[in-house]
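One structure below.
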Number of protein chains: 2
Amino acid sequence: MSYASENIAASLKSARENKGLSQRELSARSGVPQSHISKIESNAVDLRLSSLASLAHALDLELTMIPRKSAPAVRSIVRSTGSHKPQSNNDALRELARAQRALDTLPKALHESSAMETLQRQFQEMNNFRNILQETDAIRNMRSALEAVENSGGLKNLEKIAEDAQRLRNMLAHSVPSHMINEPTSRPAYSLDEDDSDG
Amino acid sequence: MSYASENIAASLKSARENKGLSQRELSARSGVPQSHISKIESNAVDLRLSSLASLAHALDLELTMIPRKSAPAVRSIVRSTGSHKPQSNNDALRELARAQRALDTLPKALHESSAMETLQRQFQEMNNFRNILQETDAIRNMRSALEAVENSGGLKNLEKIAEDAQRLRNMLAHSVPSHMINEPTSRPAYSLDEDDSDG
DNA sequence: AGCCTTGATCTGCAATAATAGATCAAATTT
DNA sequence: AAATTTGATCTATTATTGCAGATCAAGGCT
């Protein structure tokens with residue numbers, strides 16, 4: 001109703017989508033029933049602060065009260081810190097998240113291979129390009145490949161996938177204005193966007 | 001309970017106090033019952049977003065969800081835009097607000113006097129020094145004087161008060177130690193500054 | 001000493017958020 | 001084509017807010 005709640009609802013929704021989570025997944029993380037999340041996002045309930053807090057926490061968001069006069073400045077900060085999305089890359093982001101999950105749930109036996117290491121690194125890097133990420137299909141393919149590895153158990157396959165990841169990551173890096181990147185293949189120079197290890 | 005709500009509760013309370021409002025006054029502005037405000041501020045209730053929104057609106061606050069990683073930057077902005085309070089001036093602010101209300105509810109007959117005009121102006125100015133305002137007693141005296149005017153109807157009194165207001169305002173502008181203005185309507189030993197208000 | 005304000009605390013009572021769980025159509029995936 | 005996923009929409013039941021209005025002790029003020 002109150003225009004404030006519309007904003008909150010919209011923030012929650014877009015934050016969830018930007019993390020590539022489904023309502024059910026968010027439900028699992030936050031403890032809030034999926035049916036309720038649906039109502040919340042469509043601004044159909046006057047939710048309680050506890051619900052909001054649960055969701056915000058699960059989404060790495062913080063609810064703050066700012067003086068009206070500093071609101072524009074804050075908005076500007078958030079805009080520049082967060083990513084501007086072409087609005088068309090939600091699918092890509094979701095795929096990226098799924099792929100990452102697929103990677104994490106790989107058999108432990110593989111977790112020490114060097115291919116695994118580079119894969120982890122490349123994914124980390126790709127996360128730095130969330131704002132320009134659009135290659136939904138490429139990522140989807142990588143995910144299927146990863147899931148296939150579980151069965152066909154091939155370490156060689158994993159290496160192939162790692163190559164793909166590296167290739168994709170390089171593509172992204174090259175499409176970024178050069179002044180935004182300091183060192184080509186080494187450490188990310190900006191915005192590390194860790195996923196949570198709940199603790 | 002949830003640490004997030006503690007923050008909210010504290011924010012609401014300090015925001016209210018900084019505006020010099022009592023719970024009942026805030027209740028009148030926001031439509032939220034005083035008894036409920038009390039519970040909310042003591043974090044004894046899991047309030048709904050609508051309640052929070054009402055209160056925030058009445059306090060000129062804005063509810064926003066910000067990414068965790070930009071939270072520090074936002075806090076910094078709010079700190080610099082808002083005022084740093086010595087934490088001891090809540091009383092002074094409250095008094096200022098009350099005095100202002102007393103001024104507004106003066107008989108209309110007086111509303112056109114030049115004394116009234118300067119008073120309005122000085123109050124406006126004093127508001128600009130909220131952050132360093134500490135002279136609770138001086139303001140309290142001004143308020144009582146204002147309330148007294150209603151009865152004794154003296155325009156001359158109003159002029160005296162206006163002088164005091166001007167004096168206080170100049171004190172603030174020059175950041176003069178507060179113990180020098182503790183004397184009510186009597187004239188100070190030092191000479192009066194000319195008023196350098198914005199032209 | 002009296003009067004007023006403030007914040008906290010009770011009393012019901014009504015409205016509704018929150019829960020668990022099932023279902024559904026549409027879109028995706030296999 | 002079949003299975004799965006997704007978001008939305010039901011059902012019922014429970015738990016709690018929110019409201020209205022009174023009351024109270026503590027402090028401040030006249």
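Because only heavy atoms are used, hydrogens play no part in the values below, and waters and symmetry mates are left out as well, while side chains stay in. All figures in this text were calculated on a predicted structure; none of them were measured in a lab. Each chain gets a letter, A, B and so on, in the order the sequences are listed, and its residues count up from 1.
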Query - Length of the CD-P vector between A/Gln23 and C/dG21, whole Å - result: 18 Å
Report task. Look at the side chain of B/Ser11 and the backbone N and O of B/Asn7, then say whether any donor-acceptor pair between them is shorter than 3.5 Å. Result -> yes
Query raised in the report: Looking at residues at least two apart in the chain, or sitting in another chain, which of them share a side-chain hydrogen bond (donor to acceptor under 3.5 Å, both in side chains) with A/Ser50?
Result: B/Asp46
Query - Bend angle of the helix from C/dA1-D/dT30 to C/dT30-D/dA1, end axes from five pairs each (to 10°) - result: 40°
Report task. Remember a base hit wins even if backbone is also touched, and classify B/Ser22 as base, sugar-phosphate or nothing at under 4.0 Å, heavy atoms. Result -> sugar-phosphate
Report task. Give a yes/no on whether any side-chain N or O of A/Ser38 is located under 4.0 angstrom from OP1 or OP2 of D/dA8. Result -> yes
**Report entry** B/Ser70 side chain vs B/Ala73 backbone, donor-acceptor pair below 3.5 Å
**Finding:** no
Requested in this report: Report the residues that fulfil side-chain hydrogen bond (donor to acceptor under 3.5 Å, both in side chains) with A/Arg143, sequence neighbours left out, ordered by chain and then residue number.
Outcome: A/Glu95, A/Glu147
Query - Minimum heavy-atom distance between A/Ser5 and B/Leu49, given as atom pair plus value - result: CB-CD2, 3.8 Å
Query raised in the report: Roughly how many Å is it from CZ in B/Arg24 to C1' in D/dA20, rounded to a whole number?
Result: 13 Å
Query raised in the report: Which atom pair, heavy atoms only, marks the closest approach of B/Ser51 to B/His36?
Result: OG-CE1, 4.1 Å
Report summary line: Nucleotide by nucleotide, nucleotides 11-19 of chain D touches protein heavy atoms under 4.0 Å in the pattern (B base, S sugar-phosphate only, - none) -----BBSS
Report task. Please identify each residue that fulfils side-chain hydrogen bond (donor to acceptor under 3.5 Å, both in side chains) with B/Thr64, with sequence neighbours left out. Result -> A/Thr64
**Report entry** Under-4.0 Å side-chain N/O to phosphate OP1/OP2 contact, A/Gln34 with D/dT6
**Finding:** no
Query raised in the report: side-chain hydrogen bond (donor to acceptor under 3.5 Å, both in side chains) with A/Glu41: which residues, sequence neighbours excluded?
Result: A/Arg16, A/Gln23
